[in-house]
Amino acid sequence: MIKYLNQRQIKTIIKLGDLYLPGNQSFSKFSERNQIHHIDRVLKFINKDDLNDLGLFLQLLSFLPTFVLSIIIASASKHNLLFAPLASPFRLLHISLKGLACTLYYSKMNENDGQVLDQLNWNPKMNPAVKDEEMKKLIEDNDFNKIQY
Amino acid sequence: MKKHFDTIIIGAGVSGPIIAQELSSQGQSVLILEAGKFHIAENFPRYEIDATSSLYWGGGMEPNHDASLAMIRPKVVGGGSIINGGLLDEFDDLAFDWFKQKSGLSFFNSKDFSPLYKKVQDNITINKIPSKFANKNAHIFKQGLKNKSLGFSNLSRGQTNCEYEKGNSCIECLSGCPINSKQSTMTTYLRQALKQGVKIFTEFNVNKIIPGDIHLVCGQNKLGEKINFSCEKLVFAGGSIGNTKILYRSGLKDFLPALGENFYSHPQYMVLGIFNELINSYEGPLQTYKSDDQFFRHEGFKLENVFAPPVAISLLLPKIGKELMDKMSQITHMACIEVAIRDTTPGKISVNNNGKIKIRKNLNAEDQYRKKKGHNLIQEIFQEAGAKEIIQGEIGIGLHLMGGLGIGINESTSVVNEDFQIHGLKNIFVGDSSLFPTAPGINPSLTVMALAHKCAEAVIRS
Ligand SMILES: Cc1cc2nc3c(=O)[nH]c(=O)nc-3n(C[C@H](O)[C@H](O)[C@H](O)COP(=O)(O)OP(=O)(O)OC[C@H]3O[C@@H](n4cnc5c(N)ncnc54)[C@H](O)[C@@H]3O)c2cc1C
């Protein structure tokens, strides 16, 4: 259950996702990656005003046919060629929408979700995390956020 | 819950914990208020989706006025020291001279800062990154500089032992070091400060202050409950944007004409080279060498040899659709060098009626020229190394956020005086990167730490 967007807005994100990431010989398209249910992990941290603007914008886009959406995102991706007053909103639009699509596609989501990174051969290693019992205790004793008050 | 303290510090980033540790060692009662979460080694976010959105303000980045620069501002206990590269460089004489000139303060010189840098080294471990673990990305960079007869040297980083021989990749530590090797102020200074009795309130957002004989600090916890604290002395360590925002919302802009002015960010522009052979830029130390040549100091830019995780790389690529996916499938064949400009055009931070920050930041002709020169040099390095394609990143990034509350003697052009107190406001201090009067063109955090020690001395003296 997605908290921050309605069904209509979610459908639009999926449509846009498939335009940004339509798949190629080796990689599936955005919708087939099927990670949209993780979108709250991103939206939870966006400023309230920006989240409202995003929701409103998606709602507007939801009424447009796919070919119009593809023209919009293609124009937005050419932001550097646009005149200054147009360039800024298009650039912002481009960064935000592409950012959402790429985050949901190229990030690993949990322990069992290695598929895309494996396919990319992206394989950084790190020792298991150390246990810092001393710090845990210090937090328990000194962080008002953790202390019942 | 105790509500009154000798000193309250806003921000537990690079500088806040240093000041807290120093003050508490003198017996002061200290509270740190920090908007970010307290993560420790075992619970840093491990996936890019969570790291990008939860460890930074604005859910990842805050754009400037025309979205040509993405400001990356940490929001986590330990601040920049949790998510940054950990590279620690002392200022050279040039940087000190620029600081002295701009601020009118004579203590900006290497002699006065030498004991401050020493203090930092007494508290954290700094090591040179050994050449033997350098990855292919680093080799391409080093060879490129050599071919151009430009100097380079091994980077100094705040780290104990990253165990590269076991195959560890420091790119993983961009969302917090899980093995406590990276010397964040969380695992070093703050640990000591908490042992000395410092209290901290995490996930607590400071909204405004009310200055007086006793200062009031007003904010809210993660549940949205409004809570006020009071103190005799107040220290700002919330960074350029954080501090400016609070002072604006406290109605102090008219009182402090230079508030939010003179904001610098060393704008950085990444360039990717795609090679036929495997590069695996994620391996080992993220960075091993730095460009180290007077040429760069005179030209006003430097080159940095970096890389980023997949989502970030996909956002830098100026592509969409199948083309973007085709390029992404070559990520392990990519090397990356960026140009970081010592920006000469100061930006301006302000806050609109809704309390939202606005960052005005342009590159003037000189800055554009520096960027272009850097790009050309990177282009040549990649070409000589045999790159089959070279791609310039789509937008610039601002990581070194500096100024906004510049230090200086002139009240109309600076915000903080030589005793680290805000002009005209008694016992309200500033001890972080927002003090910078100009851009040094050098990694800032070691000097931010040195300034935090100096600010603590001033608080104690007062
Ligand atoms: C990705 C990245 C890589 C970098 N790499 C390097 C490097 O290798 N070497 C180097 O020297 N520098 C590097 N830097 C820059 C360096 O991290 C900063 O210069 C440094 O963090 C500044 O320290 P500070 O104490 O001024 O602010 P910060 O470390 O940003 O700390 C400020 C803290 O205040 C908190 N805060 C702000 N507003 C409020 C509020 N209203 N209420 C409560 N809390 C608040 C924030 O959440 C934050 O934790 C890098 C930065 C980034 C983002």
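The chains referred to below are lettered A, B, ... by the order of the sequence lines, with proteins before strands, and numbering in each begins at 1.
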* To do: Mark yes or no for whether B:Glu172, through its side chain, and A:Pro124, through its backbone, hold a donor-acceptor pair below 3.5 Å.
  => no

* Donor-acceptor contact present, side-chain B:Ser329 to main-chain A:Leu120, <3.5 Å ->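 Judged by distance alone, no pair lies under 3.5 Å.
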
[X] vs [Y] side-chain heavy atoms within contact, under 4.5 Å:
| X | Y | value |
| --- | --- | --- |
| B:Met328 | A:Leu21 | no |
| A:Phe144 | B:Phe204 | no |
| B:Pro310 | A:Leu117 | yes |
| B:Met325 | A:Tyr105 | yes |
| A:Met135 | B:Asn180 | no |
| B:Lys322 | A:Gln25 | yes |

Identify whether the distance between the nearest side-chain nitrogen and carboxylate oxygen of [X] and [Y] falls below 4.0 Å.
| X | Y | result |
| --- | --- | --- |
| B:Lys199 | A:Asp143 | no |
| B:Glu394 | A:Arg91 | no |
| B:Glu48 | A:Lys108 | no |
| A:Lys125 | B:Glu163 | no |

Take a 6.0 Å sphere around [atom1] of [X] and say whether it holds more than 12 heavy atoms from other residues, nucleotides or ligands.
| X | atom1 | value |
| --- | --- | --- |
| A:Lys44 | NZ | no |
| A:Gln7 | CD | no |
| B:Lys319 | NZ | yes |
| A:Lys136 | NZ | yes |

* Just by distance, with hydrogens left out, do A:Asn145 and B:Asn221 show a side-chain donor and acceptor under 3.5 Å apart? ->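 Result is no, nothing qualifies.
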
* **Structural part of B:Ile313 lying under 4.5 Å from a heavy atom of chain A** => neither

* chain A contact via B:Ile179 - side chain, backbone, both or neither, heavy atoms under 4.5 Å ->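 Interface part for B:Ile179: both.
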
Could you tell me which non-hydrogen atom of [X] sits nearest to which non-hydrogen atom of [Y], and how far apart they are?
| X | Y | answer |
| --- | --- | --- |
| A:Asn142 | B:Leu194 | ND2-O, 3.6 Å |
| B:Ile49 | A:Arg41 | CG2-NH2, 3.5 Å |
| B:Ala308 | A:Trp122 | O-CH2, 3.6 Å |

* Among B:Ala51, B:Ala41, B:Gly321, single out the residue with the greatest number of heavy-atom pairs under 4.5 Å to chain A. => B:Gly321

* To do: Select, from A:Leu19, A:Ile46, A:Ile95, the one with the greatest count of heavy-atom pairs under 4.5 Å involving chain B.
  =>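 Most heavy-atom pairs under 4.5 Å with chain B: A:Ile95.
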
* When heavy-atom pairs shorter than 4.5 Å are enumerated against chain B, which of A:Lys29, A:Gln119, A:Lys78, A:Glu111 gives the highest number? ->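 Result: the option with the highest number of such pairs is A:Glu111.
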
Report which part of [X] has an atom under 4.5 Å of a heavy atom belonging to chain B: side chain, backbone, both, or neither.
| X | value |
| --- | --- |
| A:Gln35 | neither |
| A:Pro89 | neither |
| A:Leu43 | neither |
| A:His38 | both |

